[in-house]
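The chains referred to below are lettered A, B, ... by the order of the sequence lines, with proteins before strands, and numbering in each begins at 1.
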2 protein chains.
Amino acid sequence: MAGDQLSAVFSALADPTRRAIIAELAERDATVTELTAPLSISMPAVSRHLKVLERAALISRSRSGKWRASHLEAAPLREAADWIARYRRFWDSSLTRLDAHLAAVQAAGPATDRMADDPRELG
Amino acid sequence: MAGDQLSAVFSALADPTRRAIIAELAERDATVTELTAPLSISMPAVSRHLKVLERAALISRSRSGKWRASHLEAAPLREAADWIARYRRFWDSSLTRLDAHLAAVQAAGPATDRMADDPRELG
DNA sequence: CATACGCTTAACCTTCTGGTTAAGTGAAGG
DNA sequence: CCTTCACTTAACCAGAAGGTTAAGCGTATG
């Protein structure tokens, strides 16, 4: 299981250490040693976390001498965000008219659409 | 690890079967039997997936006679979306001018070029 | 009331995960 | 050179995950 891209991304994000690494890389590229420093685990453990992130395409890595820098790649995060966004209508009360319309269409539920009586169509 | 709420949510979303269940519940509440039908796994397996989703607070369940209906609870999805949204500037091309400025400042310039000399200059 | 139904729990198995320490690789440098 | 540094890989372990079948439990129902 968990073979598809989305699963790999969510699975990568499920670990707090990896989220911390992502947060760090959001500020600057970093070497394995730099990433290990603030964490309370060994460097091999960090190395494997990086491999997981790399497999999920959440980071890319460049070699320069004996250092390897990790760089955040956000494209998979967008896919994850897009997936979650499908359910945005379930929590967001400030829906735009377009969102409401699409939500109504997707839900295929006529009664639940509170804006169905609004004559204004989306522009 | 993986004890916090966010980890539980991402971990729950990491499984394709559970995402399928969420997609189903987004359309209508459903019993365990109804949820099991389109899936190629046994009912006990689905029952455990539901328990995982319940622990992540992604669903609530109500009992009615011998049937138990599952209901989607989207609040945790919002938390997950909020976390990912922190990195939106890394993929969203429609940045505001302020966001672009902050992104440029935080990225802190061409790190990979200087890395060849000394990794400490990465930041 | 006996039985079938809906679902959960138990027991078991295999695979995955995340950590460790120790050894291996390749570039820097005294 | 030959060591040190940065990092990866290997070997190992404990526990979690996800599947199965079988059994249990409570509610409908013929």
A.B. asks: Counting any heavy atom closer than 4.0 Å, what does B/Arg63 reach on the DNA or RNA strands: base, sugar-phosphate only, or nothing?
C.D. replies: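 Touches nothing.
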A.B. asks: With nearest nucleotide decided by heavy atoms, which residue, B/Pro44 or B/Val52, maps closer to the 5′ end of DNA chain D?
C.D. replies: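 Checking each residue's closest nucleotide, the 5'-ward one belongs to B/Val52.
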A.B. asks: Please determine whether a side-chain nitrogen or oxygen atom of B/Ser42 lies at a distance below 4.0 Å from atom OP1 or OP2 of D/dG19.
C.D. replies: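 For D/dG19, OP1/OP2 do not have a side-chain N/O of B/Ser42 under 4.0 Å.
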A.B. asks: For C/dT17, does OP1 or OP2 lie under 4.0 Å from any side-chain N or O of A/His49?
C.D. replies: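 Negative; the distance criterion is not met.
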A.B. asks: Would you mind reading off the distance between A/Arg55 atom CZ and C/dC16 atom C1', rounded to a whole angstrom?
C.D. replies: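 The answer, rounded to whole Å, is 10 Å.
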A.B. asks: D/dC7, C/dT8, C/dT20: which one has an atom nearest the side-chain heavy atoms of A/Thr33?
C.D. replies: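 Nearest to the side chain of A/Thr33 among the choices is D/dC7.
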A.B. asks: Just by distance, do the side chain of A/Arg88 and the backbone of B/Arg78 share a donor-acceptor pair under 3.5 Å?
C.D. replies: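 No; zero donor-acceptor contacts below 3.5 Å.
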A.B. asks: Roughly how many Å is it from NZ in B/Lys51 to C1' in C/dA10, rounded to a whole number?
C.D. replies: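 Rounded to the whole Å, the gap is 11 Å.
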A.B. asks: What is the minimum heavy-atom distance between B/Ile21 and B/His49, and which atoms define it?
C.D. replies: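 The pair with the smallest heavy-atom distance is CD1-CB, 4.0 Å.
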A.B. asks: Looking at B/Ser62, is its backbone amide N or carbonyl O close enough to the side chain of B/Arg68 to form a donor-acceptor pair, meaning the two atoms are under 3.5 Å apart?
C.D. replies: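 Not a single qualifying donor-acceptor pair exists.
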A.B. asks: Would you indicate which nucleotide in C/dT17, D/dG19, D/dC7 comes nearest to any side-chain atom of A/Arg61?
C.D. replies: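 So the nucleotide nearest the side chain must be D/dC7.
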A.B. asks: State, to 0.1 Å, how close B/Val9 and B/Ala56 come at their nearest heavy-atom pair, and which atoms those are.
C.D. replies: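 Heavy atoms of B/Val9 and B/Ala56 come nearest at CG2-O, 3.9 Å.
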A.B. asks: What is the distance, to the nearest angstrom, from the CD1 atom on A/Ile59 to the C1' atom on D/dC7?
C.D. replies: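 Checked: the CD1 to C1' distance equals 13 Å.
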A.B. asks: Looking only at side-chain N and O atoms, does B/Arg68 come under 4.0 Å of OP1 or OP2 in D/dT27?
C.D. replies: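 Negative; the distance criterion is not met.
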A.B. asks: Rounded to whole angstrom units, what separation is found between the CG atom of A/Leu13 and the P atom of C/dT17?
C.D. replies: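 Checked: the CG to P distance equals 14 Å.
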A.B. asks: Has the side chain of A/Glu34 got a donor or acceptor atom that lies under 3.5 Å from a matching backbone atom of A/Thr31?
C.D. replies: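 It does hold such a pair.
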A.B. asks: Within this structure, what is the CZ-to-C1' distance between B/Arg48 and C/dT8, rounded to whole angstrom?
C.D. replies: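 Computing the B/Arg48:CZ to C/dT8:C1' distance gives 11 Å.
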A.B. asks: OP1 or OP2 of D/dG18 versus the side-chain N and O atoms of B/Thr17: is any pair under 4.0 Å?
C.D. replies: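 It does not, given that no N or O in the side chain of B/Thr17 lies less than 4.0 Å from OP1 or OP2 of D/dG18.
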A.B. asks: Please state how far atom NZ in A/Lys66 lies from atom C1' in D/dA6, giving the value in whole angstrom units.
C.D. replies: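 Atom-to-atom, A/Lys66 to D/dA6, this comes out as 6 Å.
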A.B. asks: For D/dT8, does either OP1 or OP2 sit under 4.0 Å from a side-chain N or O belonging to A/Ser47?
C.D. replies: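 It does, given that an N or O in the side chain of A/Ser47 lies less than 4.0 Å from OP1 or OP2 of D/dT8.
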A.B. asks: Whole-Å distance between D/dA17 P and B/Leu50 CG?
C.D. replies: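 Atom-to-atom, B/Leu50 to D/dA17, this comes out as 16 Å.
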A.B. asks: What is the distance, rounded to the nearest whole Å, between atom CE of A/Met43 and atom P of C/dG24?
C.D. replies: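 Rounded to whole Å, this separation is 19 Å.
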